[in-house]
There are 2 protein chains.
Amino acid sequence: MSKFWSRTAREAKPYIPGEQPNESQIIKLNTNENPYPPSPNTLEAMKEVVNEGLRKYPTPTVDSLKRVIANREGVNSEQVFVGNGSDEVLAFAFQAFFEANEAIKFPSVTYSFYPVYANLYGIPYQAVTLNDDFTIDVEAMKQSIGGVIFPNPNAPTGLALRLYQVEEILQGNPNNVVIVDEAYVEFGAESAVELVEQYPNLLVTKTLSKSHALAGIRVGYAIGQEDLIEGLERIKNSFNSYTINSVSLAGAETALSDDAYYRETLERVINTRVWFKQSLEELGFEVLDSKANFLFVKPTGVEAEWLYLTLKERGFYIRYFDKPEVRGYVRISIGTDEEMERLLNEISNLLNSDC
Amino acid sequence: MSKFWSRTAREAKPYIPGEQPNESQIIKLNTNENPYPPSPNTLEAMKEVVNEGLRKYPTPTVDSLKRVIANREGVNSEQVFVGNGSDEVLAFAFQAFFEANEAIKFPSVTYSFYPVYANLYGIPYQAVTLNDDFTIDVEAMKQSIGGVIFPNPNAPTGLALRLYQVEEILQGNPNNVVIVDEAYVEFGAESAVELVEQYPNLLVTKTLSKSHALAGIRVGYAIGQEDLIEGLERIKNSFNSYTINSVSLAGAETALSDDAYYRETLERVINTRVWFKQSLEELGFEVLDSKANFLFVKPTGVEAEWLYLTLKERGFYIRYFDKPEVRGYVRISIGTDEEMERLLNEISNLLNSDC
């Protein structure tokens, strides 16, 4: 605490991201990164712009990337906003659409950055308890005072709402913005982008970090009707004119045009998830029906926290959330087949030696 | 205007950056970019990390870059904060150190993003009128209610305060944070970093955009005592865990270790500024004594706005600010000798044809 801190700084409760260890021998399944590399074209496009042109500012309006995204998502460029990772897009959306005195709703178990943003901007919130099966309580997400945000699929459960359920939430909040955070949607859930034309209160956010194996370049975006996008632009242009650097811009444009490659890696991740889930269930673990690139897993016979800590000692990083509702669970990102086989062996050994 | 916009979005008054034209034949002297390329080592370091590692998140704590900056600035790593361009650093500083109900002070003619931030965060401000010679009124910058921010050298005048004057402002605001925005300091002004040990209320910000010819990669930083840096980290970690992408990190680390190269390009820019200033004065123009990589120029015989518009038609982009106090002036970034010779010829021709 410092006498120079503003009230905002004093009252901030910062987010704590998953660990980013430096050692390369670690099997890192804790931050939902894609186990496969970005496409060769993506890397080539980035290398090409690493030249003397970097002395100049990037485009502040990112028109060309917006066109690529619009084309991919079947919307027009004025319905696209781009940010320095979808975390920045979400931060701007909290500022642009939620009010300091109007409580928003999000699920009680969800991306833990939402309460951090709410706290930063002084926005009150109601954490809506999940159903007993960990699905989002659609009925309870209606009639918010200030707006709604949820991930689809949800994190860390991996469970997805169907599109008609998303629509119910939109219809239940006609005067407030509903943000559908689709960071993991490409791994098997239904995107709400097709609802944008119909619902002026819908903002969908996406990221290249997971589906396009580009967490390192920090690009996320939002799709919504023009006036919502304009609201985001007003905040962004009051904060930082140039949020996306020239190299990330080049990478993002190419990645989003290189569909065949990424579709194949998505399928590989999904296939790995399917057999790995089944294998864990064969060990007696409970595993939620994930549509994301991670599994939310309740171990049997050992404590979740013990499993997390013991695997970490042995070079496998997974994620454990020390919160009442999910203390029995660990979240495991989907890696390559080989990584998951090694993890499965390690878990089997631990269970055997523990018995 | 949209019914979905928050009060913040409705009341935002976004910043308008200088134009970033696409055509390569334009001589672009409107956004204070460095005319020389980043060092070969810098580009090499960036290319090296454009590989499959980009599937992973960058380091959220940027420890290695902080060590490089600390070493360069003669401080320790805990006294360093890094952001996505110094604009982001400044936005965080406004949130971390200024209060919604306590007016801050900045010069009436200065970087036009300051009132934009103040407006975004609801911070009242007093624009302190410059002295008649366009220097900052040091006495009037004392005894602020909520804090102080000014660039040194100031923009768009290019005039710099001496270190003892910066110290007077620090001593005149013992209970408030004083931000010294040193975006242009490397082109000939005195840095206040050496005062950080002595003044707990001092935050100095810098950028790689101008001095290191890296506007395209978006890296800026702040130096201050540990508790000020911690205040910035609290805001940043409530906003976006990973503000700096992996490629920019690699470039920034190498650039800040490659002093000999950048010192030479800085000297070239300064030498060009000296002869170009003298040449404009020989045309009868008034030119302020800039310590930055631009000149603030009052044309004689023609209107400033006319000069700006006419040069633009002829492929030379400079900057004109349509504000009462500076309507007689244009700001011209310093390019290569060849670019400045061509601009000088163009201006001479315009003056002759206009007579």
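Note on naming: letters A, B, ... go to the chains in the order of the sequence lines (proteins, then strands), and numbering restarts at 1 for each one. Source: prediction; values computed, not measured.
Here the CD atom belonging to Glu52(B) is positioned 10.5 Å from the CG atom belonging to Asn34(A), to the nearest 0.5 angstrom. Rounding to the nearest 0.5 angstrom, the gap separating the NZ atom in Lys3(A) from the CG atom in Asp227(B) is 10.0 Å. Atoms CD and CZ, on Glu11(A) and Arg234(B) in that order, are 9.5 Å from each other to the nearest 0.5 Å. The CE atom of Met1(A) sits 9.5 Å away from atom CD of Glu230(B), with the distance rounded to the nearest 0.5 Å. Tyr57(A) OH to Ile217(B) CD1: the interatomic distance, rounded to the nearest 0.5 Å, is 12.0 Å. Interatomic distance, OG of Ser2(A) versus CD1 of Ile229(B), reported as 11.0 Å (0.5 Å rounding).
Neither the backbone nor the side chain of Asn119(A) comes within contact range of chain B, judged by heavy atoms closer than 4.5 Å. At a 4.5 Å heavy-atom cutoff, the contact between Asn176(A) and chain B is made by backbone atoms alone. Using a 4.5 Å cut-off between heavy atoms, Pro40(A) does not touch chain B at all. For Leu120(A), the part sitting under 4.5 Å from any heavy atom of chain B is the side chain, from C-beta outward, and nothing else. Lys13(B) touches chain A through its backbone: at least one of N, CA, C or O sits under 4.5 Å from a heavy atom, while the side chain does not. For chain B, no part of Glu226(A) is nearby; none of its heavy atoms comes within less than 4.5 Å. If you measure heavy-atom distances from Thr31(A) to chain B, the contacts under 4.5 Å come from both the backbone and the side chain.
Between Phe239(A) and the options Phe113(B), Tyr117(B), Phe239(B), Tyr15(B), a ring pair (Phe, Tyr, Trp, His ring centres under 6.0 Å) holds for only Phe239(B).
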Below 3.5 Å, can you tabulate the donor-acceptor pairs from side chains in residues 82-97 of chain B to any protein atom, sequence neighbours excluded?
unit_1   : atom_1 : unit_2    : atom_2 : d
Asn84(B) : ND2    : Thr243(A) : O      : 2.9
Asp87(B) : OD1    : Tyr111(B) : OH     : 2.7
Asp87(B) : OD2    : Tyr111(B) : OH     : 3.2
Glu88(B) : OE1    : Asn84(B)  : N      : 2.9
Gln95(B) : NE2    : Ala91(B)  : O      : 3.4
Gln95(B) : NE2    : Tyr121(B) : OH     : 3.0

Show, in sequence, the C-alpha distance, side-chain angles and deciding distance for Ser209(B) and Tyr242(A), and conclude whether the side chain to side chain contact (heavy atoms under 4.5 Å, CB included) test is met. CA-CA 11 Å; Ser209(B) 297; Tyr242(A) 312 92; over 6 Å; no
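For Val50(A) against Met46(B), the heavy-atom pair with the smallest separation is CG1-CB, 3.8 Å. Minimum heavy-atom separation, Gly216(B) to Pro58(A): CA-CD, 3.9 Å. Considering all non-hydrogen atoms of both residues, Phe98(A) and Ser6(B) come closest at O-CB, 3.5 Å.
No side-chain heavy atom of Leu214(A) sits less than 4.5 Å from a side-chain heavy atom of Arg55(B). With a 4.5 Å cut-off on side-chain heavy atoms, Thr8(B) and Glu99(A) do not count as touching. Annotation: side chain of Leu54(A) is not in contact with side chain of Thr42(B) (no heavy-atom distance under 4.5 Å).
Across Pro37(A), Gly146(A), Ala215(A), the residue that shares the most heavy-atom pairs under 4.5 angstrom with chain B is Ala215(A).
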